[in-house]
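Worksheet: one structure, shown below.
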Amino acid sequence: MSEESLPTDGLPEYAERVLEVAESIPPGRVMTYGDVAEWLEEGGPRQVGRVMALYGGAVPWWRVVRADGALLPGHELDALGHYRDEGTPLKEASRASEGHLPRIDMRRARWDGGERAQGHT
């Protein structure tokens, strides 16, 4: 299914699956867009990003992130509040970094879906 053909009257099956993965990520942990696509064995980072942009508002969207750990442009402060509330590992910003915003510490925060089976099929 191409991105242009996403129906607007209901949630596409692929989108439902992406959102289920986002909901299964534990507080304080993250998965990249590519991790989600790999977990689903379908699509890629761009398709997952598109789903999150269109439908992700009702799930913990801040737990699906860019592979470089940079905060989502335009939503940095909202995401940062969630990360701090949940204890997500962060790397403090250097003085040279744009906006002096921290990044997610991907080495410590990245989740591989290991405990996901509990309550999910």
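Just so you know, these numbers come straight off a predicted model, no measurement behind them. Basis for what follows: all heavy atoms, side chains included, without hydrogens, waters or symmetry-related copies.
- Side-chain atoms of Glu23 never come within 3.5 Å of backbone atoms of Glu20 as a donor-acceptor pair (strictly under, hydrogens ignored).
- Considering every non-hydrogen atom in both Leu80 and Pro102, the closest pair reads CD1-CG, 3.5 Å.
- Side-chain contact between Val65 and Met106 is present, with heavy atoms from C-beta onward closer than 4.5 Å.
- Note that OG1 of Thr32 is 8.0 Å distant from CD of Glu38, once rounded to the nearest 0.5 Å.
- One distance of note links OH of Tyr55 with OH of Tyr14; it measures 12.5 Å at 0.5 Å rounding.
- When all heavy atoms are compared, the tightest approach of Ala22 to Pro60 is O-CG, 3.6 Å.
- At least one donor-acceptor pair under 3.5 Å links the side chain of Tyr83 to the backbone N or O of Trp62.
- Partners of Arg103 according to the side-chain contact (heavy atoms from CB on, under 4.5 Å) rule, which considers only residues two or more places apart in sequence or in another chain, are Asp68, Ala70.
- The CG atom of Leu101 lies 10.0 Å from the CD atom of Glu92; values are rounded to the nearest 0.5 Å.
- For the salt bridge (charged side-chain N to carboxylate O under 4.0 Å, His left out) test, residues two or more places apart in sequence or in another chain that qualify with Glu42 are Arg17.
- Judged as a salt bridge (charged side-chain N to carboxylate O under 4.0 Å, His left out), and not counting sequence neighbours, the contacts of Asp105 are Arg108.
- Checked against side-chain contact (heavy atoms from CB on, under 4.5 Å), Glu41 has no partners two or more places apart in sequence or in another chain.
- Residues satisfying the salt bridge (charged side-chain N to carboxylate O under 4.0 Å, His left out) test with Glu86, not counting sequence neighbours, are Arg63.
- Here the CE atom belonging to Met31 is positioned 8.5 Å from the CZ atom belonging to Arg110, to the nearest 0.5 angstrom.
- Here the straight-line distance linking atom NZ of Lys91 with atom CZ of Arg107 works out to 7.5 Å at 0.5 Å rounding.
- Val18 and Met52 get closest at one heavy-atom pair: CG1-SD, 4.0 Å.
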Legend entry - Test log, rule side chain to side chain contact (heavy atoms under 4.5 Å, CB included), inputs Leu11 and Leu19: CA-CA 10 Å; Leu11 203 56; Leu19 298 178; 3.9 Å; yes
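- Applying the side-chain contact (heavy atoms from CB on, under 4.5 Å) test to Leu72 and every residue at least two apart in sequence or in another chain returns Tyr33, Trp61, His75.
- Applying the side-chain contact (heavy atoms from CB on, under 4.5 Å) rule to Ala109 yields the partners Val30, Thr88, Pro89, Ile104; only residues at least two apart in sequence or on another chain are considered.
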